[in-house]
Structures are given as structure tokens and as C-alpha cells.
A.B. asks: 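Sharing a structure with you now.
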There are 2 protein chains.
Amino acid sequence: MLRLSTKGQYGVRAMYEIARGYPETPVTIKEISERQDVSVAYLEQILNKLRKAGLIKSIKGPGGGYILNRSADKISIASILNELEGPVALTSCLDPEGGCVRVDSCVTHLLWKALGEQVEAFLKTITLKNLMAGDFYSQEVKVKDKVKV
Amino acid sequence: MLRLSTKGQYGVRAMYEIARGYPETPVTIKEISERQDVSVAYLEQILNKLRKAGLIKSIKGPGGGYILNRSADKISIASILNELEGPVALTSCLDPEGGCVRVDSCVTHLLWKALGEQVEAFLKTITLKNLMAGDFYSQEVKVKDKVKV
DNA sequence: AAATACCCTACTGTTTTTGTCAAGTATTAT
DNA sequence: ATAATACTTGACAAAAACAGTAGGGTATTT
């Protein structure tokens with residue numbers, strides 16, 4: 001259950017490669033493609049979104065490539081996935097645009113909401129820098145002491 | 001991102017209805033269908049899985065229906081979702097059957113693993129009883145202090 | 001002006017999801 | 001017995017989401 005799309009996975013891995021070049025060396029799509037074994041065309045789609053979101057910037061022409069727009073410790077995994085897959089919304093009920101017709105009567109509504117918040121909180125605490133260092137400080141993600149309906 | 005399938009959602013809601021009848025009254029599919037607005041045919045599939053998993057038992061014939069196999073405080077949301085959607089496996093990498101060809105080189109492997117474990121831990125702490133009471137004690141789900149690769 | 005490298009949109013095959021349908025089996029009440 | 005109730009099972013199909021390709025375009029450097 002709860003599979004992450006390849007877009008999200010590849011996106012994080014691509015960001016990891018770009019982070020490795022920061023702040024000096026732009027990394028080309030081709031390099032990312034080879035190192036992470038993802039097609040250039042597919043990466044183009046992914047990096048485009050991340051660029052538009054302001055996470056990375058691109059430099060055209062020879063010697064160009066992609067580079068982080070801010071330092072690795074300021075880019076969370078959550079911010080990457082949010083751009084590529086949208087916000088965590090375990091049910092259509094919880095889609096940002098709303099549309100839950102049963103909200104009040106839906107007994108599980110708050111449950112999914114709490115779980116979503118927990119996931120989001122976790123992903124926010126982990127940055128690209130953490131990923132590169134290979135250690136995840138999971139600072140006690142606490143959702144809520146008690147949620148009473 | 002991370003959408004839960006309707007099967008999982010309906011499953012939890014169906015279990016909620018069945019829990020309401022426990023331990024006296026078997027609840028029929030028809031009743032669940034009406035109260036939760038899910039088709040009888042679809043519920044049949046879902047309840048069948050839950051029955052085979054031993055979470056509920058069925059009583060045939062008039063006056064029959066479904067009933068919990070153990071008390072509501074002994075059935076976690078995790079156990080329901082696990083039957084209907086399989087274990088949390090955010091990437092194919094983490095599928096129980098294995099098959100990750102890159103494990104060592106995959107920088108994100110541990111990240112997804114940690115997140116999955118966090119989700120699973122959260123869902124395990126919440127039981128049908130909690131759901132019925134409407135309060136989720138989220139007892140500080142702590143993943144790991146520090147994971148060093 | 002040639003080479004490099006990003007930019008953008010459309011499209012398509014596959015897989016998963018979300019159900020429906022039809023025919024069956026078991027049990028109870030009369 | 002038999003009719004009514006209710007669960008059981010497997011096949012199937014429409015629709016949505018996913019994963020990725022293709023092909024042309026634009027900007028920059030040497």
C-alpha cells in the first residue's frame with residue numbers, strides 16, 4: 001500500500017545528484033541519467049517541474065546543467081515530492097480542492113488526516129543534506145496528543 | 001501523493017460498522033452498504049479478504065451477517081489495510097519479495113524504508129476501538145534516533 | 001555556425017483501480 | 001421440504017493513473 005510514483009523517486013535521486021555539484025558545478029541531465037539509470041526524456045519532465053518550483057535553476061549551453069537554487073540543508077524531501085506528486089492526500093476527501101461530501105459523517109476522515117500530517121511532518125524534517133550525509137535525524141514527529149471528534 | 005485505495009478506505013469503514021454490532025449482533029452486507037454507501041458486490045470482495053485473514057467471521061442464513069473475530073481494541077487499522085492493500089512498500093525496491101537490484105547504490109533506499117516504518121508504526125497504534133471513540137492517541141511514534149548508512 | 005544543453009507538448013502502451021455480473025453454497029424459519 | 005436470507009467465488013470490463021517515448025524548439029557558448 002501507499003506506493004510512491006517513479007516520478008517522485010527519480011526526482012529525489014536527481015536532486016541528490018544535483019546537490020553533489022553544488023555550489024560549483026552544474027550537473028547535466030545526461031550525467032544524472034547515467035548515474036541514476038533514468039532516461040533523459042523522462043528526467044526532462046521531472047526537472048522542469050522542479051525548476052518551475054524554484055528548487056533548482058538551469059544553465060543553458062555548453063558547460064551548463066542544473067544547480068540547486070539554495071543550499072542542500074534548505075531543501076526538504078517534502079518540498080521535492082510536493083512538486084512532483086502534489087500534497088499528501090490519502091483520500092480524495094482530503095484533496096486541497098475539497099469535495100468531501102460526507103465530512104461530518106465520515107468516521108475515518110480525521111484518521112487519514114492525522115496520518116497524512118504525520119507523513120508530511122516526517123518528510124519535512126529530512127533535507128537533501130541529511131540524505132547525502134546518510135543520516136536521518138527523526139526528531140520525534142508527534143502528531144497530536146489527542147484528537148477528539 | 002500517497003493515495004490510499006478505495007478498497008482500503010471502504011474496508012476500514014466496513015469494519016467500523018461491524019464493530020458497532022459486536023459482540024451481539026451480526027451486521028449484514030446490506031446494512032453496511034446502506035450506511036457507508038458502497039455497493040454490496042464490492043463489499044463482498046472486501047469482506048471476503050478480511051474474513052480469510054481472520055479479522056471477522058461470517059454467519060450464513062437469515063439473521064446472519066458479519067461479526068468481529070476479536071474485540072475492537074485488538075484490531076488495528078494496520079491489520080485491516082495490510083490485508084486489503086498489502087504491506088506498506090513505498091517503492092518496488094521494498095516489496096517483501098525483494099528484487100531491489102541496486103540496494104547498495106540506492107541512496108534513497110533507507111529513506112523510504114524509514115518512512116514506511118513510521119507509517120506502519122502509526123497505523124498499528126490505532127485500533128477500531130480508538131476509531132469508534134474518535135480519539136487517536138498518537139503515542140509519539142519515533143522511528144529511529146539516527147540511522148547511519 | 002556548430003555543438004551543447006535545456007524547453008515543451010503531445011501521445012501511447014501498460015498497469016492498476018474500481019467496480020459489476022452471474023451463478024453458487026449454506027442456513028434458518030415456516 | 002421449501003422459500004427466503006445471506007454469504008461465496010471467479011470472471012470480466014470500463015476508467016483512470018502511471019511510466020515513458022517522440023519530436024520539435026530555444027538559448028548559450030566556443
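Note that the structure is a prediction, hence the values are computed from the model and not measured.
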A.B. asks: So, is B:Arg51 close to the D:dT8 phosphate, meaning a side-chain N or O under 4.0 Å from OP1 or OP2?
C.D. replies: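 For B:Arg51, the contact criterion (side-chain N or O under 4.0 Å from OP1 or OP2 of D:dT8) is met.
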A.B. asks: Between A:Arg3 and D:dA19, is there a side-chain N or O to OP1/OP2 distance below 4.0 Å?
C.D. replies: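 False: A:Arg3 side-chain N/O out of range (4.0 Å or more) of D:dA19 OP1/OP2.
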A.B. asks: Taking atom P of D:dA19 as reference, at what distance in whole Å does atom CG of A:Leu43 sit?
C.D. replies: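 Distance check: A:Leu43 CG to D:dA19 P gives 14 Å.
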A.B. asks: Could you tell me from which nucleotide to which nucleotide of DNA chain C, 5' to 3', there is an atom under 4.0 Å from chain A heavy atoms?
C.D. replies: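 Terminal contacting nucleotides, 5' to 3': C:dT4 to C:dA10.
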A.B. asks: Can you find a pair of side-chain heavy atoms, one from A:Met15 and one from A:Ile75, that are under 4.5 Å apart?
C.D. replies: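 Side chain of A:Met15 against side chain of A:Ile75, heavy atoms only: contact under 4.5 Å found.
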A.B. asks: For the residue pair B:Ser33 and B:Leu43, establish whether any side-chain heavy-atom pair is separated by less than 4.5 Å.
C.D. replies: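 SC-SC contact between B:Ser33 and B:Leu43 confirmed.
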A.B. asks: Does A:Lys52 reach a base, just sugar-phosphate, or nothing at all? Heavy atoms under 4.0 Å.
C.D. replies: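 The residue A:Lys52 makes sugar-phosphate contact but no base contact.
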A.B. asks: Rounded off to whole Å, could you give me the NZ-to-C1' distance for the A:Lys7 and D:dT21 pair?
C.D. replies: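 One finds 12 Å between C1' of D:dT21 and NZ of A:Lys7, rounded.
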A.B. asks: Would you kindly give the CD1-to-P distance between A:Ile29 and D:dT21, to the nearest whole Å?
C.D. replies: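 The answer, rounded to whole Å, is 14 Å.
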A.B. asks: I'd like to know if the side chain of B:Glu85 pairs up with that of B:Ser5 as donor and acceptor (distance under 3.5 Å, no hydrogens or angles considered).
C.D. replies: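 Yes, side-chain donor-acceptor contact under 3.5 Å.
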A.B. asks: Starting at atom CD of B:Glu44, determine the distance to atom P of D:dA6, rounded to an integer number of angstrom.
C.D. replies: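 About 13 Å, once rounded to whole Å.
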A.B. asks: Quick one: is B:Ser58 getting a side-chain N or O under 4.0 Å of the D:dT8 phosphate, OP1 or OP2?
C.D. replies: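 Answer yes for this pair, as a side-chain N or O of B:Ser58 is under 4.0 Å from OP1 or OP2.
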A.B. asks: Run through B:Ile80, B:Asp73, B:Leu55 and flag the one making a side chain to side chain contact (heavy atoms under 4.5 Å, CB included) with B:Leu128.
C.D. replies: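 Single pass found, and it is B:Ile80.
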A.B. asks: Find the distance B:Glu31:CD to D:dT5:P and express it as a whole number of Å.
C.D. replies: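 It is 14 Å, rounded to the nearest whole Å.
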A.B. asks: Below the 4.0 Å mark, does D:dT21 have OP1 or OP2 next to a side-chain nitrogen or oxygen of A:Ser39?
C.D. replies: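 Checking A:Ser39 against D:dT21: at least one side-chain N or O falls below 4.0 Å of OP1 or OP2.
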A.B. asks: Measure from CG on B:Leu2 to C1' on D:dC18 and round the result to the nearest Å.
C.D. replies: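 Atom CG in B:Leu2 sits about 15 Å away from atom C1' in D:dC18.
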A.B. asks: Among pairs that include at least one residue of residues 45-54 of chain B, which meet side-chain hydrogen bond (donor to acceptor under 3.5 Å, both in side chains), considering only residues two or more places apart or in two chains?
C.D. replies: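 Listed by first then second residue: B:Lys7-B:Gln45, B:Asn48-B:Arg51.
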A.B. asks: In residues 59-71 of chain B, what residues come within less than 4.0 Å of DNA chain C, judged by heavy atoms?
C.D. replies: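 Listed by number, they are B:Lys60, B:Gly61, B:Pro62.
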A.B. asks: I'd like to check B:Val27 versus B:Arg20 (side-chain heavy atoms, cut-off strictly below 4.5 Å). Are they in contact?
C.D. replies: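 A side-chain contact is absent here, since even the closest heavy-atom pair is not under 4.5 Å.
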A.B. asks: Do we see a donor-acceptor contact under 3.5 Å between the side chains of B:Thr127 and B:Asn130?
C.D. replies: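 Looking only at side-chain atoms, B:Asn130 and B:Thr127 do form a donor-acceptor pair, the distance falling under 3.5 Å.
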A.B. asks: Is B:Leu47 touching bases, backbone alone, or none of the nucleic acid, heavy atoms closer than 4.0 Å?
C.D. replies: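 Touches nothing.
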A.B. asks: Return the value, rounded to whole Å, for the distance between atom CG of B:Leu4 and atom C1' of D:dA17.
C.D. replies: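 Rounded to whole Å, this separation is 16 Å.
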